[in-house]
Amino acid sequence: MLSSAQLIEFANNNGIPLWALNASIALVMAIVVFAICGLGVIVFVYMERKVSADFQLRWGPMHVGWHGTLQLIADALKLFSKEDVFPRNADPWVFRLAPIFMFLPAFISLMVMPIGPGIVIQDLNVGLLYILAITSISVAGIVMAGFGSYNKFAVIGSLRSAAQMVSYEVPRALSIIGVVMIAGSGKLSSIVGAQHIWYAILQPIGFVVFFVSSLAETNRAPFDLPETEAELVNGYYNEYSGMRFMFFLFAEYIALMSASALTVVLFLGGWHGPGPEFLGPIWFLVKLFAVIYVIMWIRWTLPRFRIDQVMDLGWKVLLPLALLNIFITGIIMLVI
Amino acid sequence: MDLIKMSRVKEQRVSKKTPIKQDLDKLEQSLELELPETDKEIDSLRTEELIVNFGPQHPSTHGVLRAVFTLDGEIVRKIEPHIGYLHRCFEKIAEKRTYAQFVPFTDRMDYISAVLNNWAYSLTVEKLAGIKVPERAEYIRVIIGELQRIAAHLFSLGTMGVEAGALTPFLYFIDEREKILWLFERVCGARLTYNYINIGGVRADVPEGWLEDALSFVHHLKKSIIDYDKLLIGNYIFKKRMVDTGKFSAVEALDWGLTGPPLRSTGVAYDVRRSDPYSVYPRMDFDVVVRYNGDNYDRVIIRSEEIKQSIRIVEQAIEQIPDGPIMAEGVSRELVPPIGDAYGHVESARGDLGYYIISDGTPKPYRVKIHGPSFGNLQALPAMAKDSYIADAILTIGTLDTVFGEVDR
């Protein structure tokens, strides 16, 4: 929680105004979450490279550090030190702001994730709504990147992603309603608290719809149409290089982390697990990595859909399934 | 496009030849006046066709194809392939080299299946000079040629997966191809451009134990190709992407001059190994794989099935191979064929690969004309991929499996 009684008392005794206390706590928290994000991204990219290597009869990074563990730090340093290439006809502001617009939503959606019992930065009453609202902003970042960089491939990629994300927003939101109906709350910590049986078991349809649309939301395979390297040469971030490119990569993996964390919180029992309560965060992490592994497994196995097939799947399959899920949940709750 | 149309409409309005036309114009003008503001705004919004340059440096153009796509949203209205970025004047160079000197140049044409190019050229020169190739050399040519076909088809299947977004199968296919390249390396020391099949036979006999290793490799591939089929070709998404896209009928395919897998996918059983047999293929028992739908999926499946047929041929050839010389007697490096011309063709991994050579009785050919199957297959692309999605057009380029060393020569 942001302001506990002791802290307020401490502030009063030392003459620190309340707004300064709140601001400093928010700043500290933001830095902590940013550090966690940075670490998480390094771990996930390393994991992705190792998992993909394992799938593809390769070793992956092996030379920098033990089993290539320092490879990503070297890569990050390289990207930092690269020249900032700015396309001649690009829109200066839109082009520069796009990576931030991509990065921020995924980043601040982590603020409401309950990692363990009581371990959460800001436990909002409308946490679920907040996440749904925030994560849909990132599409603005993609569209900005596409239009700002004055590149035809980027425009096509960003249009694709706009269509895709708007379509999958709907089934994703609807698939959560079943969970909210059972838990009786939109607060993420109380959803986990009420989850003695995993909602993936109670809500199998909702879980599948949510998982598939999360893949589409985060532009992961088989829905990575906006960045298809075979057709659009990396789509919307075609013109980005160096640090800005790294920001896109950063944003992508944080979005992956946030979507997986939300899956764990809503459907896989959050911090619940055998053993004493203080093991909660560890169980959360184990589940998080399991979900991310499955997502990577899917990415490195399946081909990708075509744009019209993606739309068909979203509107004609997932949306009716999500509605059916709400209907069934409602009837069962009436009966019981 | 739209601008041109609009200007034409304007011209018609100015001419005003018939009274009906005048009335219509008046009616239109009056209607335009009555339009509310918002509708006018919508009318003034232009939809424009986007012209995008795919290539020559594009990850999925298999080399240096520059294709100009005219896009209407996600749909490709028109494709113009531009070729010539890899042109190296091989046909002209051939006129300045002796017959034996030109063999290494043929490697650089279809560099994914180089040995088959060696073979087609050597076959034609042998026809021209009336050289009889020893039996053992013919069998080695068949074994090497079929292994090369397997390697080329594996590569093609792998890149197809990459174009459809599946990156992992590519590595599996490349791994198997690598084993074939090792086998080739042991035979001739090279991995990509072999210069192995020469006029009159092959350059060197296979090393000891090589035939057994080749046999054990094809046995291994026979088992693993079933898994790969399940992984890539049997995949639901892959099927959904491929079936009924880039469709071509048999008549169209023959009109456009397609050969190889793209032709056989439309139901025409044309395979040079059967239609105009050469070497020891008449003694081999294998099927010409034919599919009837003519879409991208059939073109992919044919390649996978042909790998299985090639495995059968390699097995039989290794069983039947006799001992003996590997080079025809009396073939010198200063080969002077009699005056005349000859056409020889083989079934390469892409299709019907032909060489037409005219000799004027000197050590150098008067003219060498090469018919590359990729060139014929590529020219059907605009017709095949018209009005399809961008993603499908890219897949169609992939399933035609053109190699640009051969298109441009």
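Every chain is numbered from 1, with letters handed out A, B, ... down the list of sequences.
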Quick check on Q56(A) against chain B: is it the side chain, the backbone, both or neither that has a heavy atom closer than 4.5 Å?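 The answer is both parts of Q56(A).
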Give, as side chain, backbone, both or neither, the part of I307(A) having an atom under 4.5 angstrom from any heavy atom of chain B.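 For I307(A), side-chain heavy atoms alone lie under 4.5 Å from chain B.
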Can we say R49(A) and D75(A) salt-bridge, meaning some charged N sits less than 4.0 Å from an Asp/Glu carboxylate O?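 Yes.
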Whether E169(A) and R172(A) form a salt bridge (side-chain N of Lys/Arg under 4.0 Å from carboxylate O of Asp/Glu) is what I want to check.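 A salt bridge is absent here (no side-chain N lies under 4.0 Å from a carboxylate O).
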For chain A, find which of L171(B), L395(B), I174(B) contributes the most heavy-atom pairs closer than 4.5 angstrom.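 Of the options given, most contacts go to L171(B).
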When only pairs under 4.5 Å are counted, which of Y172(B), F170(B), Y236(B) shares the most heavy-atom pairs with chain A?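 Answer, by heavy-atom pair count under 4.5 Å with chain A: Y172(B).
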Against chain A, label T159(B) side chain, backbone, both or neither, depending on which of its atoms sit under 4.5 Å from a heavy atom there.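 Neither part; nothing is under 4.5 Å.
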Quick one: what part of L232(B) sits under 4.5 Å from any heavy atom of chain A, side chain, backbone, both or neither?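 The answer is neither part of L232(B).
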Is a donor on one side and an acceptor on the other found under 3.5 Å between the side chain of N53(B) and the backbone of V68(B)?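 Flag not set: sc N53(B) to bb V68(B) has no pair under 3.5 Å.
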Measuring from atom NE2 of H82(B) to atom CG of L65(B), what distance do you get when rounded to the nearest 0.5 angstrom?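 If we round to the nearest 0.5 Å, H82(B):NE2 and L65(B):CG are 9.5 Å apart.
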If the test is side chain to side chain contact (heavy atoms under 4.5 Å, CB included), which one of I205(A), T263(A), L215(A), L174(A) qualifies with F210(A)?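 Testing F210(A) for a side chain to side chain contact (heavy atoms under 4.5 Å, CB included) against I205(A), T263(A), L215(A), L174(A) leaves exactly one candidate, T263(A).
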